[in-house]
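All residue numbers refer to positions in the sequence shown, counting from 1. Reckoned from all heavy atoms, side chains included, excluding hydrogens, waters and symmetry mates. Note that the coordinates shown come from a computational prediction; the quantities given were computed from them, not determined experimentally.
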Amino acid sequence: MKRFSGNNSFFRIVEVLFMTESNRHLFDSLAASFVRQYIDILSKIDGVGHRTYGIEYEFLPARIMDLDDMTRMYRFLASMGMRADGLDFVSSNGIHIAFEPGGQIEYNSPPLKAIDAGGIDDFLSFIAQTNALIRNQLHIVYEARGFAPGRAHAPLCLISPRYRLLHDRLKRTGTRGLEMMKGTASIHLHVRIAGISELLRLFYRLCEMATSVDFRMSPQRREIWDNTDPMRCGLPPCCNERLNSAEQLIDRLIRFALAAEVLGENVPFHLNRDRSFDAFLYHMTTLFTDVRFNLKGPTLELRTLDSIPIDQFREKWQIFVSSFEDL
């Protein structure tokens with residue numbers, strides 16, 4: 001049958017429903033294999049005592065940036081004694097600094113406990129101090145806001161194959177994907193999965209939070225996200241299903257990812273040349289749903305909160321961590 005690659009996820013659903021028999025068998029076989037491997041990994045997780053949480057905190061540059069700006073940034077962070085890890089940097093206190101395709105800076109916390117007020121204070125202080133140093137030394141101002149208009153055709157500040165392929169795809173799918181890449185900033189909140197038995201209730205709690213007043217996207221950013229790539233973005237469809245087990249949830253998430261096109265290949269994963277489990281795990285990191293399962297950690301991620309000023313974040317943090325302490 002004719003294969004669709006347009007902007008409407010309905011076409012992908014139709015495609016999956018009307019696969020050839022051989023493709024359906026391949027799809028189901030891969031799904032079953034990956035579900036078993038996910039469950040095997042999660043079944044070996046030991047309890048962690050206190051639940052831990054993580055933060056990815058992004059800031060938008062006040063002006064459009066380019067590759068020369070990024071080169072200056074990399075040199076500056078290295079001069080501060082930070083260790084390079086690819087194009088990311090790691091400070092001595094375990095905080096990671098990464099970048100997004102529009103030059104957005106992203107601070108990744110070490111694991112934090114809900115009861116550890118000092119840990120969150122140290123993380124936020126580090127962010128404020130580093131942003132101030134960048135402003136004073138490089139004259140690059142980072143702002144805590146969810147959207148900066150007019151960035152769709154800004155230079156691509158990350159030129160690895162991953163981001164080039166994503167940039168090429170978002171020229172063709174949706175209408176606002178390039179704005180998403182280069183003109184938005186968010187705060188991703190992670191909760192560590194301590195065991196497979198708690199996966200389902202953690203997932204549903206994050207689905208509720210994704211549409212809550214405290215954590216949902218602003219209307220501006222929601223409009224961008226809804227018109228980025230219907231195969232990669234939005235609330236996972238299983239958020240609206242009442243599933244009975246972690247195995248069912250894993251199966252739903254894996255099937256959603258199998259039907260999504262692989263960057264650079266323009267075919268769904270189950271028809272891709274490399275259908276290994278490692279390739280699938282990488283493929284899942286190219287999906288940007290509002291709630292995302294990350295086997296690294298392993299964690300569940302809430303990805304909807306717009307970037308906000310640091311002095312407003314502590315209240316959000318307390319709401320977030322307290323909502324899981326009774327689960």
Query raised in the report: Quick one: which of Phe256, Phe27, Phe280, Phe34 gives a ring pair (Phe, Tyr, Trp, His ring centres under 6.0 Å) with His270?
Result: Phe27

Query raised in the report: Does Arg216 pair with Asp290 as a salt bridge, N-O distance under 4.0 Å?
Result: no

Query raised in the report: Is it true that Arg51 and Glu198 have a side-chain N and a carboxylate O under 4.0 angstrom from each other?
Result: yes

Requested in this report: Identify whether the distance between the nearest side-chain nitrogen and carboxylate oxygen of Asp168 and Arg172 falls below 4.0 Å.
Outcome: no

Query raised in the report: What residue among Val262, Thr286, Asn266 forms side chain to side chain contact (heavy atoms under 4.5 Å, CB included) with Arg169?
Result: Asn266

Query raised in the report: Using the ring of each side chain (for Trp, its six-membered ring), is Tyr53 parallel, tilted or perpendicular to Trp317, with breaks at 30° and 60°?
Result: perpendicular

Query raised in the report: Any salt bridge (Lys or Arg N to Asp or Glu O under 4.0 Å) pairs touching residues 105-120, not counting sequence neighbours?
Result: none

Query raised in the report: Side-chain donor-acceptor pair under 3.5 Å between His153 and Lys182, yes or no?
Result: no

Query - Thr289 side chain reached by Val291 side chain, heavy atoms, under 4.5 Å - result: no

Query raised in the report: Asp68: what forms a salt bridge (charged side-chain N to carboxylate O under 4.0 Å, His left out) with it, not counting sequence neighbours?
Result: none

Query - Those residues that, when tested against Arg273, pass side-chain hydrogen bond (donor to acceptor under 3.5 Å, both in side chains) (two or more places apart) - result: Glu265

Query - Salt-bridge contact Arg36-Asp251 (side-chain N to carboxylate O under 4.0 Å) - result: no

Query raised in the report: Taking the side chain from His167 and the backbone from Leu178, do they hold a donor-acceptor pair closer than 3.5 Å?
Result: no

Query raised in the report: Do Thr285 and Arg162 get their side chains close enough for a donor-acceptor pair, meaning under 3.5 Å?
Result: yes

Query raised in the report: Do Phe277 and Tyr38 have their ring centres less than 6.0 Å from each other?
Result: yes

Query raised in the report: Are Arg176 and Asp226 within salt-bridge range, i.e. N to O under 4.0 Å?
Result: no

Report task. Report yes or no: does Glu223 contribute a side-chain atom to a donor-acceptor pair with the main-chain N or O of Pro219 at less than 3.5 Å? Result -> no

Query raised in the report: Hey, is Arg252 close enough to Glu241 for a salt bridge, meaning N to O under 4.0 Å?
Result: yes

